[in-house]
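Reviewing the structure listed below.
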Amino acid sequence: FEAIASYQEKGIPTYLSQEKNALNKLFYQYQSRQDAFQFAMKTGDALLDEELQTFPRSQILAEQPDPEKIERLLGLFTPESCIFSLLAPPELTHIGMDRKEKWLGAEYTVQKVPSDWLSLWSDAKERADIQIPPPNPFVPSKLALILEKMPSSPELLAENVFGIAYYCRAPEFQTPEAILHLHIRSAQLMADSRSACLASLYLDHLTDLLHPLLASAKSAGLSANFDFEGAEISLEIAGFSEKATLLLQEILKKMPLNHP
């Protein structure tokens, strides 16, 4: 309810719907091949909700957000209009079960929410630490294909004390996507069980710290995966190509700040 109070006070920025429409359009344009029967069934169901002349535009793109409608919707989210469910053993809640579900026989009970709780939630104020996310920096804006002919075999880009970099293009797919592979080696990484365990813990810790960044990238069609195999840490970034290097740069900035 503090989050709802924040939204009511500050409103919902329009860039959220603009980003959503841009991404939905991209995901539709560059969608993966689906099972034919599932596609036909899904399309047949959706045709009932939209005229054929505009299909599937209304299914994919949202209308321009209406602040008045959003305000009315948020006004419906009150403590008095909610049903709260809690799954916990009676030993913790100290409330007995006096009802039994008809089909599976699960025991449950229904209780009224104390009035002082409702009053507290109704008077909830906005909190500074509950914020709407800023504009997503990973939303693509230019995905034009590069049509000039280039060799499809791997080409050496750089080789120095920092590593070796290759580039390989797969022109047959004709999609604006890229996959980046980065292999990190270190004298501290050994091909033994101790090193594997420590590297696994480090990658779990790093992934947790990077979660806000990775979540923003994932919503924009970019994924990042860490792995440890042999005696090296591998990082794979896959998705729309335009912002793939930006995600790589942001990850590499944060890795030295959160060393093992």
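Just so you know, these numbers use all the heavy atoms, side chains as well, and skip hydrogens, waters and symmetry mates.
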TODO: Dump the intermediate steps for side chain to side chain contact (heavy atoms under 4.5 Å, CB included) on Leu189 and Phe228, then the final yes or no.
DONE: CA-CA 9 Å; Leu189 296 174; Phe228 178 78; 3.8 Å; yes
Task: From CA spacing to verdict: side chain to side chain contact (heavy atoms under 4.5 Å, CB included), Tyr15, Val139 - done: CA-CA 11 Å; Tyr15 64 77; Val139 176; over 6 Å; no
Open item on the list: For a side chain to side chain donor-acceptor pair (under 3.5 Å) check, start with the C-alpha distance between Ser216 and Asn136, then their side-chain angles and the critical distance, and finish with the verdict.
Closed with: CA-CA 6 Å; Ser216 296; Asn136 191 337; 4.7 Å; no
Open item on the list: Glu242 vs Ser141, test: side chain to side chain donor-acceptor pair (under 3.5 Å). Steps then yes/no.
Closed with: CA-CA 8 Å; Glu242 182 189 359; Ser141 57; 3.1 Å; yes
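Nearest heavy-atom pair across Met190 and Ser195 is N-OG, 2.9 Å. For the residue pair Pro56 and Tyr28, the shortest heavy atom distance occurs at CG-OH, 3.5 Å. The shortest non-hydrogen separation linking Pro13 to Ile132 is CD-CD1, 3.5 Å. Between Ala220 and Pro140, the shortest heavy-atom distance links the atoms O-CD, 4.0 Å. When all heavy atoms of Met97 and Thr109 are compared, the pair lying nearest together is SD-N, 3.9 Å. In this structure, Pro137 and Leu246 approach most closely via the heavy-atom pair O-CD2, 3.7 Å.
The backbone N or O of Ala40 lies less than 3.5 Å from no partner atom in the side chain of Thr43, so there is not a single donor-acceptor pair. Formation of a donor-acceptor pair under 3.5 Å by the Ser81 side chain with backbone atoms of Phe77 is not found in this model. In this structure, the side chain of Lys125 does not engage the main chain of Ala5 through any donor-acceptor pair within 3.5 Å. For Ser241 (side chain) and Pro176 (main-chain N/O), a donor-acceptor pair under 3.5 Å exists by modelled atom type. A donor-acceptor pair is defined here as one N or O able to donate and one able to accept, closer than 3.5 Å; such a pair exists between the side chain of Thr207 and the backbone of Leu203. Although no hydrogens or angles enter the test, the distance criterion places a donor-acceptor pair under 3.5 Å between the side chain of Glu50 and the main chain of Gln59.
Counting heavy atoms of neighbouring residues, nucleotides and ligands inside a 6.0 Å radius, atom NZ of Lys218 does not exceed 12 of them. Within 6.0 Å of CD in Gln31 there are more than 12 heavy atoms belonging to other residues, nucleotides or ligands. Around CD of Glu101, the count of heavy atoms belonging to other residues, nucleotides or ligands within 6.0 Å exceeds 12. When the shell of 6.0 Å around CD of Gln34 is examined, it contains more than 12 heavy atoms from other residues, nucleotides or ligands. The neighbour count for Tyr108 OH, taken as heavy atoms of other residues, nucleotides or ligands under 6.0 Å away, is above 12. Residue Phe55 places its CZ atom among more than 12 non-hydrogen atoms of other residues, nucleotides or ligands, all under 6.0 Å distant. Dense packing is recorded around CG of Leu48, with more than 12 heavy atoms of other residues, nucleotides or ligands lying under 6.0 Å away. Heavy-atom neighbours of Gln29 CD from other residues, nucleotides or ligands within 6.0 Å: above the threshold of 12.
If you take CE on Met255 and CG on Leu182, they are separated by 8.0 Å, rounding to the nearest 0.5 Å. In this structure, the separation between OG1 on Thr14 and CD on Gln64 is 7.0 Å, given to the nearest 0.5 Å. The CG atom of Leu16 lies 6.5 Å from the CD atom of Glu19; values are rounded to the nearest 0.5 Å. Separating the CG atom in Leu180 from the CG atom in Leu222 is a distance of 9.0 Å, to the nearest 0.5 Å. Interatomic distance, Thr93 OG1 to Gln111 CD, rounded to the nearest 0.5 Å: 9.0 Å. Note: Ile60 CD1 to Asn21 CG = 10.0 Å, rounded to the nearest 0.5 Å.
Under the 4.5 Å side-chain heavy-atom criterion for Ile, Leu, Val, Met, Phe, Trp and Tyr, Leu206 and Leu247 are members of the same hydrophobic cluster. Residues Phe39 and Met41 do not share a hydrophobic cluster, defined by chaining ILVMFWY side chains whose heavy atoms lie under 4.5 Å apart. Both Ile184 and Ile237 belong to a single network of hydrophobic side chains, linked directly or stepwise wherever heavy atoms of I, L, V, M, F, W or Y lie under 4.5 Å apart. Ile130 and Trp121 sit in two unconnected hydrophobic clusters of ILVMFWY residues. Membership requires side-chain heavy atoms under 4.5 Å apart, directly or through other members. Ile12 and Leu61 end up in different hydrophobic clusters when Ile, Leu, Val, Met, Phe, Trp and Tyr side chains are linked at under 4.5 Å.
Contact check for Lys20 versus Asn24: side-chain heavy atoms found under the 4.5 Å cut-off. Contact check for Ser122 versus Glu80: side-chain heavy atoms found under the 4.5 Å cut-off. For the pair Leu214/Ile251, a side-chain contact is recorded, criterion being any heavy-atom separation below 4.5 Å from C-beta on.
Taking 4.0 Å as the cut-off between side-chain N and carboxylate O, Asp192 and Arg194 do not count as a salt-bridged pair.
Taking the centre of each ring, Phe84 and Trp117 stay at or above the 6.0 Å mark.
Of the options Asp208, Leu209, Leu201, a side chain to side chain contact (heavy atoms under 4.5 Å, CB included) to His205 is made by Leu209 and by none of the others.
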